Amino acid sequence: MRAFGYSVAGSPAEAVRIAAGTPGSAFVAGGTDLLNLMRDGAQAHDHLVDVNDLDLDEVAFDSGRLRVGALARMRQVAEHSRVRREFPVLSEALLASASPQVRNMAAIGGNLLQRTRCGYFRDAGSACNKRAPGSGCPALTGCNRGHAILGGSDHCIAAHPSDLAVALTALDATVHLLGPGGERAVPIAGFYLLPGSAPNRENALRPGELITRVDVPRTSLAARSRYLKLRDRATFEFAVVSVAAALRTRGRVVADVRLAFGGVGTRPWRDVRVEAALRGRPLTRRAIAEAGRVLVRDAVPREENGFKVELVQRALESVLGDLGGVR
Ligand code: SF4
């Protein structure tokens with residue numbers, strides 16, 4: 001592991017000042033992903049800015065929104081009684097993530113910035129355009145069972161790993177940032193970038209910017225929501241396919257719906273055409289199947305991950321069927 005400097009920030013402004021003035025720096029809170037990557041040589045930093053002392057761990061409600069501080073721990077949010085009641089999809093996504101030990105340690109901000117589980121990315125000896133731009137993407141023709149079928153490019157097809165980000169995408173969350181230029185807010189739909197020709201750029205963060213909190217609108221949709229995660233084993237495993245769904249009906253008719261998908265996209269995957277295919281229609285198996293076909297219309301399956309095309313449609317059918325009482 002390469003040697004690095006270390007400092008403890010006493011305020012968000014100080015954290016940003018240190019990071020902006022120290023090339024090669026990164027923020028660290030729980031460190032449950034970052035330190036593994038650094039130990040394995042898949043990511044290197046010259047300096048870590050410890051943000052654990054910052055007063056950014058709120059889980060608070062006001063009339064219009066839930067505010068989750070970037071340093072709230074996964075467990076703290078997942079087990080919060082009002083989060084469970086008013087935002088079940090968030091609680092379920094968090095409880096389906098990682099292990100109890102990791103959920104005790106890992107912070108919400110870090111969860112949103114965790115890196116892909118692509119084996120080539122995590123192996124410092126492999127070529128990988130995301131880790132070493134221009135070196136190639138062996139996953140295109142190699143081991144790609146866990147990779148994305150939506151949003152990929154000739155340069156990268158890595159699946160986005162965060163369950164929480166998928167749930168937040170379905171709920172139209174906003175990510176709040178503090179940087180050298182001040183505060184700004186970014187809708188989560190615009191926070192994560194497609195890989196295109198620069199897969200090393202994964203999000204809208206500017207140099208020195210710190211995630212301070214995430215806001216989630218309080219709606220009747222959020223209160224009737226679910227997260228379904230399909231994975232290879234029951235715990236401490238990343239999604240093969242996942243669906244975050246929120247539904248509002250008038251009688252049998254879909255008044256409104258929000259859907260986001262994990263395991264299939266290079267970013268938390270939301271396609272408003274899928275929601276439009278359901279809105280205003282009676283929620284039936286046929287309507288769900290048609291929406292599922294819209295979802296995979298642009299899918300590009302590879303040699304080992306073609307099964308996701310059908311699996312994600314079945315997952316959509318299952319979660320909407322449960323939420324809407326469709327038999
Ligand atoms: Fe790297 Fe992306 Fe290719 Fe994986 S899929 S090897 S992360 S470029």
Side-chain angles (χ1 to χ4, degrees), residues 1-2 24 26 31-45 97-98 102 106 109-166 169 188-205 229-233 236-242 260-271 295-296 298-309 311-312:
M1 191 177 191
R2 195 167 101 189
T32 53
D33 191 30
L34 178 65
L35 297 183
N36 287 338
L37 288 164
M38 290 176 70
R39 253 193 312 258
D40 293 345
Q43 197 166 318
H45 295 284
S97 304
V102 170
N111 181 291
L112 298 182
L113 298 179
Q114 64 182 289
R115 310 297 303 276
T116 181
R117 310 311 293 188
C118 172
Y120 300 108
F121 172 77
R122 290 192 173 247
D123 171 13
S126 292
C128 169
N129 285 329
K130 187 183 280 295
R131 179 171 32 73
S135 63
C137 175
L140 292 172
T141 53
C143 298
N144 49 38
R145 179 178 179 276
H147 288 65
I149 56 173
L150 291 162
S153 71
D154 290 345
H155 301 269
C156 181
I157 54 169
H160 179 86
S162 168
D163 295 297
L164 174 64
V166 173
T169 297
I188 198 159
F191 184 70
Y192 293 106
L193 308 179
L194 291 171
S197 59
N200 53 311
R201 277 215 69 209
E202 295 179 349
N203 55 55
L205 280 173
K229 179 173 179 176
L230 305 178
R231 48 188 163 174
D232 288 334
R233 59 181 181 185
F236 214 166
E237 189 55 278
F238 292 83
V240 176
V241 158
S242 70
F261 301 86
V264 291
T266 51
R267 63 181 177 189
W269 198 256
R270 181 156 174 213
D271 182 341
L295 171 66
V296 298
D298 301 327
V300 181
R302 306 282 165 168
E303 188 172 346
E304 296 180 353
N305 66 3
F307 70 97
K308 290 187 178 185
V309 174
L311 190 62
V312 72

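Quick note: numbers below take in every heavy atom, side chains included, and nothing from hydrogens, waters or symmetry partners. Source: prediction; values computed, not measured. Remember, it's 1-based here, ligands and their atoms both numbered in the order they're listed. We number each residue from 1, following the sequence as shown.
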Asks: Decide, yes or no, whether a salt bridge links Asp232 with Arg145 under the criterion of side-chain N to carboxylate O below 4.0 Å.
Replies: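 Here Asp232 pairs with Arg145 in a salt bridge, since their nearest N and O are under 4.0 Å apart.
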Asks: Check for me whether Arg131 has a heavy atom closer than 4.0 Å to any atom of ligand 1.
Replies: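 No, Arg131 has no heavy atoms under 4.0 Å from ligand 1.
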Asks: Output the list of atoms in ligand 1 that are nearer than 4.0 Å to some heavy atom of Phe121, sorted by atom number.
Replies: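 Answer, ordered by atom number: 7 (S).
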Asks: Considering only the protein, which heavy-atom contact is closest to atom 3 (Fe) of ligand 1, and what is its distance?
Replies: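 Ranking protein heavy atoms by distance from atom 3 (Fe) of ligand 1, first comes Cys137 SG, 2.3 Å.
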Asks: Does some side-chain heavy atom of Arg302 sit less than 4.5 Å from a side-chain heavy atom of His147?
Replies: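 No, too far: nothing below the 4.5 Å cut-off.
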Asks: Write out the residue and atom name of the closest protein heavy atom to atom 8 (S) of ligand 1, then the distance separating them to 0.1 Å.
Replies: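 Ranked first by proximity to atom 8 (S) of ligand 1 is His155 O, 3.3 Å.
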Asks: Among all protein heavy atoms in this structure, tell me which lies nearest to atom 6 (S) of ligand 1, with the distance rounded to 0.1 Å.
Replies: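 Result: Tyr120 CB, 3.4 Å.
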Asks: In the protein, which heavy atom is nearest to atom 1 (Fe) of ligand 1, and how far is it?
Replies: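 Ranking protein heavy atoms by distance from atom 1 (Fe) of ligand 1, first comes Cys128 SG, 2.3 Å.
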Asks: Counting heavy atoms not belonging to Asp154, are there more than 12 under 6.0 Å from its CG?
Replies: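 Counting neighbours around CG of Asp154, 12 or fewer heavy atoms of other residues, nucleotides or ligands fall under 6.0 Å, so no.
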Asks: Considering only heavy atoms, does Cys118 approach ligand 1 within less than 4.0 Å through its side chain, its backbone, both, or neither?
Replies: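 For Cys118, only side-chain atoms sit under 4.0 Å from ligand 1.
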Asks: Would you mind checking if Glu237 and Lys229 are paired as a salt bridge, meaning a charged N to carboxylate O distance below 4.0 Å?
Replies: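 Result for this pair is no, no salt bridge flagged.
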Asks: I need the nearest protein heavy-atom contact for atom 2 (Fe) of ligand 1: residue, atom name and distance, please.
Replies: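 Minimum-distance protein heavy atom for atom 2 (Fe) of ligand 1 reads Cys156 SG, 2.4 Å.
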Asks: Out of the candidates Val241, Val166, Leu295, only one should pair with Phe261 under the side chain to side chain contact (heavy atoms under 4.5 Å, CB included) rule; please name it.
Replies: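 Result for side chain to side chain contact (heavy atoms under 4.5 Å, CB included) with Phe261: Leu295.
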Asks: Considering the heavy atoms of Ala139, write down every atom of ligand 1 situated less than 4.0 Å from one of them.
Replies: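 Going through ligand 1 atom by atom, the ones under 4.0 Å from Ala139 are 5 (S).
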Asks: May I ask you to decide whether Arg131 forms a salt bridge with Asp123, counting only side-chain N to carboxylate O separations under 4.0 Å?
Replies: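 Answer for the salt bridge query: no.
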Asks: Flag the pair Leu37 / Arg122 as yes when at least one side-chain heavy-atom distance between them is below 4.5 Å, and no otherwise.
Replies: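 Yes. Closest side-chain heavy atoms under 4.5 Å.
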